[in-house]
Amino acid sequence: MEIQTKQNDTCVTLTLSGRFDASVAGSIKETISELIDRDNIHYVIDLSDVSYMDSGGLGSLVASLRRVREREGDIKLSAPNCNVRKVFELTRTHRIFEFYDNSTLAAQSFQSA
Amino acid sequence: MEQLELKIPATLEQAQLGAIAAANIAAAYYRIVTGQDPGKDNAFINAVELAVGEACTNSVKHCCSQCPEECRLTVCFELEDRKLMVMIKDCNAPFPFDQAPVPDFEAVPESGYGLYLIEQTMDEVHYLHQDGQNILTLIKTIKDGKAKCSQ
């Protein structure tokens, strides 16, 4: 799993690629946690290049979302493939995240908020 | 049909090999049974990969503390007609499979979805504790047509 980080005036975009599973969930959670500690509270997580996600990967997103919302921030998700989207739907966690077709639209949603 | 067997060290990193192997074996079985290329985003393959991955991860997370250096899990694959059977075996303490709680969706927990996802994606799930081993059997039937993951 690779993580690319890009920051602009309104949010941090994390682009994940590869397998987002239990073995890497801790490092994603830690990355976001360090960014939160530096007062970043708005995130876009681009899932378009994630080929597979399990409940461990999902759990790290739920935990991170909880932390940023405590600070009145948010995590918005972009472009999960059908396979990944299904994990959100089966666990009903699709109800707590906002999904966008691409990371640009997700980032723009913070500007208009 | 002969059984394929994979022995994996009980670490989270190695456990993912179980899921990756399952996806590749599911794709090979799909070709054998249907005579067709499974294509991308095949629902059968995705379901098997996720369920086996969750089962292997659960085995690692509950690995018996007495033997962390020797802990192994075994993943066995068998095809019977159109049914792919995957058995995940470990030497952990037995667990009350029939009493496993459904996640509290309203509370949106950060964990505890594994067994639920397995049951949602497989056609049959059976649990047995025998000869000191947990044996979780996952069964998924290959259906006609190239079912995409959205179906």
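Sequence lines set the chain letters: A, B, ... in the order given, protein chains first and strands last, and positions in each chain run from 1.
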So for [X], is it side chain, backbone, both, or neither that comes closer than 4.5 Å to the heavy atoms of chain B?
X	answer
A:T93	side chain
A:R85	neither
A:I96	side chain

So what's closer than 4.5 Å to chain A heavy atoms on [X]: side chain, backbone, both or neither?
X	result
B:T57	side chain
B:E49	both
B:T121	side chain
B:F105	both
B:L50	both
B:E13	both

Are [X] and [Y] linked by a side-chain donor-acceptor pair shorter than 3.5 Å?
X	Y	answer
A:S78	A:D46	yes
B:D90	B:Q133	no
B:E54	A:S55	yes
A:K76	A:S109	yes

- Message: Check for me, please, whether A:L58 and A:V68 land in the same ILVMFWY cluster - side-chain distances under 4.5 Å, paths through other members count.
- Response: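 Per the 4.5 Å side-chain linkage, A:L58 and A:V68 are co-clustered.
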
- Task: Answer yes when A:D37 and A:R67 have at least one side-chain N-carboxylate O distance shorter than 4.0 Å, and no when they do not.
- Result: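 Salt bridge: yes.
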
